[in-house]
Amino acid sequence: MQIELMGCTSAGKSTLVKSMLKAYRERGKEAITGDEYVLEQARLSWARGYLFRTILIDILGLTACLATWRKNLNFFKLTLQSIWQLPAEVGWFERLNIARNVFKKVGVREIICWRDSDQQIVLLDEGTLQTAHYLFVHVSTEPDLNLTSTFTELVPLPHVIVYLRNETDVLIERTMSRQHRRIGHRSPAEKALFVERAVNTFENLIQSSRFRSRLLILDVERDVIIQSDSQRDQSLDLVADILRSGTDRTPPYHSTESISGIDSLAVT
């Protein structure tokens with residue numbers, strides 16, 4: 001089962017992945033990150049060093065992307081169209097990097113799908129949905145709503161989506177302190193604009209009816225919200241329970257209510 005965490009830069013996706021891995025393993029469940037899973041399938045778990053592992057993931061993900069290109073052809077066309085329409089301010093090196101990231105994420109998803117199992121929990125802090133951040137969030141241009149709408153229709157989905165929502169001001173402050181690579185040289189006003197556009201992009205994405213049956217929202221108050229939907233994937237209940245498992249003061253789970261009190265999983 002694939003679980004993808006989605007949200008603006010500095011929302012705390014990587015931190016939450018670590019907390020969820022710990023929570024699953026404490027329950028005796030088999031859980032692993034997407035990158036680790038891909039390396040494991042290729043019998044490359046022995047690889048060490050961030051750069052070396054990144055190169056291996058790129059090669060494996062892009063290879064799988066090429067092997068399954070017919071399956072995701074329309075999404076790839078949308079990706080290339082979105083990159084082509086970017087303003088001249090976005091250089092060709094950055095465009096190529098965006099394409100590499102998008103295609104790699106699709107390839108990683110396909111590798112996970114090949115050996116998919118309900119018993120194997122694979123956590124992605126950046127997956128196919130996060131590619132919306134690469135494609136549509138730029139200081140030099142506003143997101144194209146028509147393209148983002150088409151994105152929600154074509155993007156390959158994980159089994160469960162966990163959207164991390166936070167106050168825009170908090171995200172701006174964190175992004176300023178982290179010196180995000182794509183906006184490192186920008187002014188404070190431009191960095192704030194970048195974050196605001198990212199937040200708006202993700203808020204628009206989660207309105208899609210296609211996401212509804214798979215979506216959990218971890219909101220500002222660290223509550224887990226599931227919108228009532230009789231057709232939703234039952235996996236949501238299990239993931240919501242994991243998100244709230246770090247505290248004893250959480251009330252019994254109800255599908256139409258928020259689940260509060262997951263302080264031990266708070267993101268930074």
Side-chain angles (χ1 to χ4, degrees), residues 1-26 29-69 71-72 75-76 79 83 93-117 119-135 137 155-162 164 174-175 177-184 198 242 265 267-268:
M1 179 173 67
Q2 293 186 52
I3 304 171
E4 180 180 344
L5 276 62
M6 176 182 76
C8 180
T9 180
S10 302
K13 297 183 294 296
S14 297
T15 301
L16 186 57
V17 162
K18 294 176 183 177
S19 297
M20 292 179 70
L21 285 171
K22 180 180 179 182
Y24 270 114
R25 289 167 180 170
E26 286 176 347
K29 302 290 186 180
E30 190 176 358
I32 192 171
T33 65
D35 286 357
E36 289 290 347
Y37 183 85
V38 169
L39 292 173
E40 184 180 276
Q41 294 303 305
R43 300 184 179 181
L44 293 170
S45 299
W46 50 265
R48 294 293 178 267
Y50 174 79
L51 180 58
F52 184 41
R53 290 168 66 88
T54 298
I55 292 172
L56 290 175
I57 295 295
D58 280 1
I59 293 171
L60 294 168
L62 291 171
T63 300
C65 176
L66 288 173
T68 58
W69 68 272
K71 180 179 178 181
N72 300 296
F75 181 68
F76 295 151
T79 296
I83 293 172
F93 179 79
E94 183 173 350
R95 293 175 193 237
L96 288 172
N97 197 44
I98 291 170
R100 176 187 66 85
N101 274 311
V102 174
F103 295 155
K104 176 181 70 172
K105 300 302 183 187
V106 173
V108 166
R109 178 189 181 276
E110 293 301 328
I111 292 172
I112 298 170
C113 286
W114 289 341
R115 299 288 297 274
D116 187 35
S117 168
Q119 305 304 315
Q120 175 78 71
I121 309 299
V122 183
L123 296 171
L124 299 158
D125 64 351
E126 287 198 4
T128 53
L129 296 173
Q130 193 67 24
T131 62
H133 199 286
Y134 314 144
L135 291 170
V137 180
V155 62
L157 297 179
H159 294 102
V160 177
I161 304 163
V162 180
L164 279 68
R174 290 177 181 174
T175 302
S177 64
R178 289 180 60 183
Q179 295 298 315
H180 191 279
R181 181 184 59 79
R182 289 174 58 194
I183 51 171
I242 285 294
L265 299 182
V267 292
T268 58

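Note that the numbering runs from 1 along the sequence shown for the chain.
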* Can you list the residues that meet the side chain to side chain contact (heavy atoms under 4.5 Å, CB included) rule with N101, with sequence neighbours excluded? -> N97, K104, Y134
Can you name the closest pair of heavy atoms from [X] and [Y] and give their distance?
X	Y	value
A11	R174	O-NH1, 3.7 Å
L21	I32	CD2-N, 3.6 Å
M6	K13	C-CD, 3.9 Å
R43	W46	O-NE1, 3.1 Å

* Going by the angle between their ring planes, with limits at 30° and 60°, are F76 and F103 parallel, tilted or perpendicular? -> perpendicular
* Structure fact -> Contacts of T63 meeting side chain to side chain donor-acceptor pair (under 3.5 Å) (sequence neighbours excluded), chain-then-number -> none
* Picking from T54, D125, I57, what satisfies side-chain contact (heavy atoms from CB on, under 4.5 Å) with D35? -> I57
* **Reference residue I3; test side-chain contact (heavy atoms from CB on, under 4.5 Å); the match among V17, I242, V160** => V160
* Taking the side chain as C-beta and beyond, is there a heavy-atom pair between Y37 and Q120 under 4.5 Å? -> yes
* Asked: Do L60 and L39 come close enough that some side-chain heavy atom pair is under 4.5 Å?
  -> yes
* Are L157 and T128 close enough, and set up right, to give a side chain to side chain contact (heavy atoms under 4.5 Å, CB included), and what steps lead you there? -> CA-CA 7 Å; L157 297 179; T128 53; 5.9 Å; no
Look only at the side chain of [X] and the backbone of [Y], and say whether a donor-acceptor pair between them is shorter than 3.5 Å.
X	Y	result
Q130	L124	no
E4	P158	no
R53	A47	yes
Q2	I112	no

* Asked: With sequence neighbours left out, what residues match E94 under salt bridge (Lys or Arg N to Asp or Glu O under 4.0 Å)?
  -> R182
